[in-house]
Every structure is written in C-alpha cells, then in structure tokens.
2 protein chains.
Amino acid sequence: MYEDWAERWRALGDPTRLHILRLLSIRDACVCELVELLPVSQPAVSQHLRKLKYAGFVRDYREKSWIFYALRPDIPPAITQLLQELSIPDTEATWLRSHQVGASCSVPGAVEDDSLKVSE
Amino acid sequence: MYEDWAERWRALGDPTRLHILRLLSIRDACVCELVELLPVSQPAVSQHLRKLKYAGFVRDYREKSWIFYALRPDIPPAITQLLQELSIPDTEATWLRSHQVGASCSVPGAVEDDSLKVSE
DNA sequence: TCATTATATTAGCATATCACAATAGAGTGA
DNA sequence: TCACTCTATTGTGATATGCTAATATAATGA
C-alpha cells in the first residue's frame, strides 16, 4: 500500500534525476541536450528519464528528430516547491536559456555553436 | 550537490519507512511498539529508524526502558502534507491511540493487553 | 551484581540500482 | 532506399539496499 508512494519518492532519490528535473524546470529539453549537460552517458540519461516518466514526473513528445522531455504540470505543488529549492549552476541555466531548443545536437542543418558549451 | 537532497528523498523511498512515519504522525512510539505494528523484524525496524533519523525526519529520546521516536517538527511542511495523504488502517490508528505509551512491551510491571493487538 | 528487557549492530544473503559499452530501433532527408 | 542521427534497450559488473539470524550493548530492577 505504501509501495506506490515509495516508488515515487525513490524516483527523486538519485542526484542525477534531481539534476534532470531541475534542468527541466528551466525549459523542456531533448535527450541530447540533457546528455550534454549531465556527467553521465546517454543510456544512463535515457534510463533515468524512463524512471521519471514512469513515476509521473515528466512526459515526452517528439519534435523533428528529437524527443523532448518536460515536467508534468500535475506534479504535486509540494514537490515542485521543494524542487525549486535546488540550486542550479548559472552556467547551466544560461546555457539552456541561450540555446535554441534542439540547436545543440548535431543534426543536419542544426546550428553549430560550441562557444557556450558547458562540458569539454 | 544534489546528493544531499537525493539522500533525503531516498529515505522516503521505502514502504516500511513510510509506514513508520505514518505511524509516528499519530503519536510518538517506542521501537517495540513499532515492531509489533510492522511486518518486519526488530533489527529491520531499528535500521529504518536510523536512516530516518540520519535524514532528519525523526528524533529519539529515552524514557524509562524505552527509546521513543518522534517526527521532527522541522520537517518541510510540504513533506508533512504529503505524508498526511498516506492512509493508515483503522486498526493501527486505534491501537496506537488506545494503548498507553510503552504499555505494549513486556517490561516488568507493564500492562499485559493483547486484546487489541494487530498482529498475531 | 545478576537476570531481564529493549535496542543497536554485525554478518550474510538476495535483490535492486546505477554506471558504461554495445547494440537495436526509429525518424529524417538526400 | 541509404546513410545518418537520436533515443531506447540489453548485457554486465560494481555497489547499495533490505531482510533475517545472531550477537552485542545498555538500562532496569530485584
């Protein structure tokens, strides 16, 4: 009976997933953007996103070549509020706000702009 | 940086610990009372309490032979609120409210009253 | 002090979790 | 269709978690 709730809490119990949620609180992002901003591999990001989706914290939608993830609007306000308390490095917030959605991944025709890259 | 928060969330990510917190939201309880109400062994309860204590959700204090655990008053209201949404079986709530603190454990001089026992 | 009770700790096992590398699947656009 | 990119899945290994049984520690009271 408590297991369902525990599973939801557990989804928040990983630093990488908290990081992802915090990034998504700035704006929707596609997987490849998250991969650029996070210090883990693409499969790791993918699996974290799956857990967050299953737990009901994010939803995904396709747009062109990318699959975007977004915070679900129906997250309990209490949790949203607690997430807001997580600080986020200025570099990351700036990166997300200054990049056009999807513009960071090397898809044909995408803008190449490494000047603001956080990693590497 | 997110690890500290993740650890706190993780403490909530187990059904037995949620159960414990829910019970403590009714009244303080000693370990042996919790052991009676929970379907796990005494060492398991003890270890869960240690995690909850470390995560800052509960405090403990000694009284006579028993060590009581109590919800900490400084839990973020958002979390307290979410905990309130967990239902609790009437049997357990009744048991806790009808028993005198500490009266259920077989200490010399303690009242023997199995009539309201939940388990066995 | 000694026996008893309450709680904590340790040891050991089964399972879950998280990471990466490798691979598979699905769109896109030429 | 083919080549390329993006994302998901699978396999595997290291570590963490949760449980019980056994043991240790601490307080009580005769």
Side-chain angles (χ1 to χ4, degrees), chain A residues 2-3 6-20 28-55 58-70 101-112, chain B residues 2-3 6-20 28-55 58-70 101-112:
Chain A
Y2 298 98
E3 178 53 39
E7 172 142 3
R8 274 204 108 185
W9 295 116
R10 209 158 38 232
L12 297 176
D14 176 90
T16 301
R17 285 196 289 273
L18 288 181
H19 198 161
I20 289 174
D28 298 0
C30 66
V31 180
C32 60
E33 288 175 320
L34 295 174
V35 169
E36 282 204 52
L37 290 167
L38 295 165
V40 295
S41 67
Q42 177 266 320
V45 171
S46 196
Q47 302 205 56
H48 283 307
L49 287 169
R50 182 160 61 144
K51 288 193 182 180
L52 289 172
K53 182 179 172 183
Y54 186 79
V58 304
R59 65 190 177 87
D60 61 341
Y61 56 94
R62 175 175 284 276
E63 196 161 302
K64 299 183 197 167
S65 290
W66 307 291
I67 293 181
F68 283 84
Y69 281 82
V101 166
S104 71
C105 305
S106 50
V107 116
V111 180
E112 276 292 338
Chain B
Y2 297 98
E3 178 52 39
E7 171 141 5
R8 274 203 108 186
W9 296 115
R10 210 156 40 230
L12 297 177
D14 176 270
T16 301
R17 286 196 288 276
L18 288 181
H19 199 161
I20 289 174
D28 299 0
C30 67
V31 180
C32 60
E33 289 176 318
L34 295 174
V35 169
E36 283 204 51
L37 289 168
L38 296 164
V40 295
S41 67
Q42 176 267 320
V45 171
S46 195
Q47 302 199 58
H48 283 307
L49 287 168
R50 181 160 60 146
K51 288 193 181 180
L52 289 171
K53 182 179 173 183
Y54 186 78
V58 304
R59 66 189 178 86
D60 62 341
Y61 57 93
R62 174 175 284 277
E63 198 161 302
K64 298 184 197 166
S65 290
W66 306 292
I67 294 180
F68 283 83
Y69 281 83
V101 166
S104 70
C105 305
S106 51
V107 117
V111 181
E112 274 292 336

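Hydrogens, waters and symmetry mates play no part in the numbers below; they use all other heavy atoms, side chains included. Every chain is numbered from 1 and lettered A, B, ... according to where its sequence line falls, protein lines coming before strand lines.
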pair A:Glu36-A:Glu33: side-chain heavy atoms closer than 4.5 Å: no

When you measure from the side chain of [X], which nucleotide among [options] comes out closest?
{"X": "B:Trp66", "options": "D:dA8, D:dT9, C:dA6", "value": "C:dA6"}
{"X": "A:Ala44", "options": "C:dT9, C:dA19, D:dG18", "value": "C:dA19"}
{"X": "B:Pro43", "options": "C:dA8, C:dT9, D:dG11", "value": "C:dT9"}
{"X": "B:Gln47", "options": "C:dT7, C:dA11, D:dT28", "value": "C:dA11"}
{"X": "B:Lys51", "options": "C:dT28, C:dA8, D:dT17", "value": "D:dT17"}
{"X": "B:Cys30", "options": "C:dA6, D:dT20, C:dT7", "value": "C:dT7"}
{"X": "B:Ser46", "options": "D:dT9, C:dA8, C:dT28", "value": "C:dA8"}
{"X": "B:Arg62", "options": "C:dG27, D:dA26, D:dT7", "value": "D:dA26"}

Closest heavy-atom contact between B:Phe68 and B:Cys30? CD2-N, 3.4 Å

Atom of A:Val58, atom of A:Leu49 and distance for their closest heavy-atom approach: CG2-O, 4.1 Å

I want to confirm an ordering. Mapping A:Gln42 and B:Val45 to their closest nucleotides on DNA chain C, which one lands closer to the 5' end? B:Val45

If only side-chain N and O atoms of [X] are considered, is one of them under 4.0 Å from the OP1 or OP2 phosphate oxygen of [N]?
{"X": "A:Arg50", "N": "D:dT9", "value": "yes"}
{"X": "B:Arg17", "N": "D:dG18", "value": "yes"}
{"X": "B:Thr16", "N": "D:dC19", "value": "yes"}
{"X": "A:Tyr69", "N": "D:dA8", "value": "yes"}
{"X": "B:His48", "N": "D:dC19", "value": "yes"}
{"X": "B:Arg10", "N": "D:dT17", "value": "yes"}

To the nearest Å, how far apart are [X] [atom1] and [N] [atom2]?
{"X": "A:Glu3", "N": "D:dC19", "atom1": "CD", "atom2": "P", "value": "11 Å"}
{"X": "A:Glu33", "N": "D:dT5", "atom1": "CD", "atom2": "C1'", "value": "15 Å"}
{"X": "A:Asp60", "N": "C:dA26", "atom1": "CG", "atom2": "P", "value": "15 Å"}
{"X": "A:Glu7", "N": "D:dG18", "atom1": "CD", "atom2": "P", "value": "13 Å"}
{"X": "A:Leu49", "N": "D:dT9", "atom1": "CG", "atom2": "P", "value": "11 Å"}
{"X": "A:Lys64", "N": "D:dC4", "atom1": "NZ", "atom2": "C1'", "value": "17 Å"}
{"X": "A:Tyr54", "N": "C:dT17", "atom1": "OH", "atom2": "C1'", "value": "16 Å"}
{"X": "B:Ile67", "N": "D:dT25", "atom1": "CD1", "atom2": "C1'", "value": "10 Å"}

The reported gap from NE2 in B:His19 to CG in B:Leu38 (rounded to nearest 0.5 angstrom) is 5.0 Å

Check this for me, if you would: do A:Arg8 and A:Glu3 make a salt bridge, where the nitrogen-to-carboxylate-oxygen distance has to be below 4.0 angstrom? no

Donor + acceptor pair across side chains of A:Asp28, A:Tyr61 (<3.5 Å): yes

